[in-house]
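So the structure is just underneath, and the comments pick up after that.
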Amino acid sequence: MNLSILIPLLNEEESLQELYSWIIKVMQSNNYSYEIIFVDDGSTDNSWEIIEGFSNENPNVKGIRFMKNFGKSQALHAGFAKAKGDVIITMDADLQDSPDEIPGLFEMITKEKFDLVSGWKKKRYDSVVAKNLPSKLFNWAARKTSGVELNDFNCGLKAYKNTVVKNIEVSGEMHRYIPVLAKNAGFNKIGEKVVIHQARKYGETKFGMDRFINGFLDLITIWFLSRFGKRPMHLFGLLGSIMFLIGFLLALYLGIDKLFIHKTSRLITERPHFYLSITSMIIGTQLFLAGFLGEIILRTKSNEARYKVAREVNF
């Protein structure tokens with residue numbers, strides 16, 4: 001199978017018919033073998049009924065419905081697990097991503113041998129203050145922190161080799177950082193393609209300004225996990241040991257000073273250095289224990305399901 005088109009969605013009943021017809025037109029004009037996977041992330045409108053209608057008339061259309069809203073990352077994770085195409089294309093359901101970009105993305109994966117290609121919405125139709133400027137700042141920080149040179153990490157239109165999506169773990173709100181996850185998994189040929197960004201035709205965006213705050217917090221998380229996720233003791237143990245050593249040496253100095261140098265001077269407990277020493281040793285011990293507990297949790301954690309599927313069609 002050439003392509004899996006993966007579309008996570010939440011309450012997009014107005015745009016689904018137009019999006020579906022557009023994708024089918026692109027598939028037929030290029031003679032692709034394909035599947036379209038809609039992942040309904042707990043919609044409360046008629047989105048699921050529309051998806052069921054597509055699947056009844058076209059066996060290449062498949063659907064997954066969550067029991068409630070679990071988030072875009074979980075929707076992508078569920079779709080990646082089911083995708084069978086040689087190339088997986090992800091896109092949003094709000095018609096801001098153009099299906100006409102699919103052939104170009106497909107060729108970059110199959111002919112230019114990229115592992116992952118991310119769309120770049122160079123010209124945007126969003127609010128400059130509410131979205132464009134925060135997005136530029138966010139993308140700059142992501143580039144500097146991750147080392148992945150992309151201009152638009154948050155673009156939903158991306159193409160992947162099948163082996164990429166089967167070897168990355170998308171959880172929490174990490175869908176913004178799939179290129180970083182892919183790089184950390186060993187997929188280094190990551191490209192970018194300028195894509196058309198269309199003004200939203202129906203409804204309102206499901207994401208507010210808080211996505212940028214969450215995005216920066218997730219960026220810190222993914223940096224930490226990529227550096228120390230497999231070895232938390234290397235960070236916490238090192239910091240704890242340094243803090244404990246500083247406190248211990250300070251306490252040793254105070255003891256020697258009291259016993260051999262200034263025997264008749266004030267009590268050790270009256271000197272501020274004593275409390276600095278005690279505090280350093282306590283903090284050092286706590287950091288060391290944090291690393292130790294992190295190692296234990298890492299070795300005993302269970303892979304609990306992060307979402308619940310209510311229904312599936314055509315799988």
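The model shown is predicted, which means the values in this text are computed figures rather than measured ones.
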Quick check on [X]: does its [atom1] atom have over 12 non-hydrogen neighbours (other residues, nucleotides or ligands) under 6.0 Å away?
{"X": "F274", "atom1": "CZ", "result": "yes"}
{"X": "F288", "atom1": "CZ", "result": "no"}
{"X": "M67", "atom1": "CE", "result": "no"}
{"X": "K84", "atom1": "NZ", "result": "no"}

A side-chain contact here means heavy atoms from C-beta on lying under 4.5 Å apart; do [X] and [Y] qualify?
{"X": "Y160", "Y": "F80", "result": "yes"}
{"X": "V117", "Y": "E107", "result": "no"}
{"X": "M27", "Y": "N60", "result": "no"}
{"X": "V148", "Y": "Y177", "result": "no"}
{"X": "I89", "Y": "L157", "result": "yes"}
{"X": "D257", "Y": "R271", "result": "yes"}
{"X": "F153", "Y": "R143", "result": "yes"}
{"X": "I5", "Y": "M91", "result": "yes"}

Taking [Y] as the starting point, is it possible to reach [X] by hopping between hydrophobic residues whose side chains are less than 4.5 Å apart?
{"X": "I246", "Y": "L287", "result": "no"}
{"X": "I278", "Y": "Y253", "result": "yes"}
{"X": "I24", "Y": "F38", "result": "yes"}
{"X": "L76", "Y": "V309", "result": "yes"}
{"X": "M1", "Y": "I36", "result": "no"}

Original post:
Quick one: do the E35 and S4 side chains pair a donor with an acceptor below 3.5 Å?
Top reply: yes
Original post:
Between the side chains of N2 and D86, is a donor N or O closer than 3.5 angstrom to an acceptor N or O?
Top reply: no
**OP:** For E101, check salt bridge (Lys or Arg N to Asp or Glu O under 4.0 Å) against everything at least two apart and list the hits.
**Re:** K193
Original post:
Among all residues two or more places apart in sequence or in another chain, which pass the salt bridge (Lys or Arg N to Asp or Glu O under 4.0 Å) test with D97?
Top reply: K121
Original post:
So among I7, L9, I50, which one has a side-chain contact (heavy atoms from CB on, under 4.5 Å) with D40?
Top reply: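 Considering I7, L9, I50, a side-chain contact (heavy atoms from CB on, under 4.5 Å) with D40 is found only for L9.
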**OP:** Would you mind telling me which of H175, E169, R176 makes a side chain to side chain donor-acceptor pair (under 3.5 Å) with S73?
**Re:** H175
Distance from [X] atom [atom1] to [Y] atom [atom2], nearest 0.5 Å?
{"X": "L10", "Y": "S47", "atom1": "CG", "atom2": "OG", "result": "7.5 Å"}
{"X": "R65", "Y": "S43", "atom1": "CZ", "atom2": "OG", "result": "8.0 Å"}
{"X": "L105", "Y": "D100", "atom1": "CG", "atom2": "CG", "result": "11.5 Å"}
{"X": "L116", "Y": "L150", "atom1": "CG", "atom2": "CG", "result": "8.0 Å"}
{"X": "C155", "Y": "K122", "atom1": "SG", "atom2": "NZ", "result": "14.0 Å"}
{"X": "T163", "Y": "K166", "atom1": "OG1", "atom2": "NZ", "result": "10.5 Å"}

So which atom in [X] and which in [Y] form the shortest heavy-atom distance, rounded to 0.1 Å?
{"X": "F114", "Y": "I109", "value": "O-CD1, 3.4 Å"}
{"X": "P8", "Y": "A75", "value": "CB-CB, 3.8 Å"}
{"X": "I168", "Y": "A185", "value": "CG2-CB, 4.2 Å"}

**OP:** Hey, can you tell me if F244 and F248 have their rings parallel, tilted or perpendicular (30° and 60° cut-offs)?
**Re:** parallel
Original post:
Does a salt bridge link K189 with D115, judged by any charged N lying under 4.0 Å from a carboxylate O?
Top reply: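 Salt bridge absent between K189 and D115.
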**OP:** Using the ring-ring contact (aromatic ring centres under 6.0 Å, His included) rule, collect all pairs that involve residues 9-35, keeping only residues at least two apart or in two chains.
**Re:**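 The answer is Y20-F54, Y32-F106.
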Subject >> Under 3.5 Å: donor-acceptor pair, side chain of S55, backbone of K62 >> reply: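 Absent.
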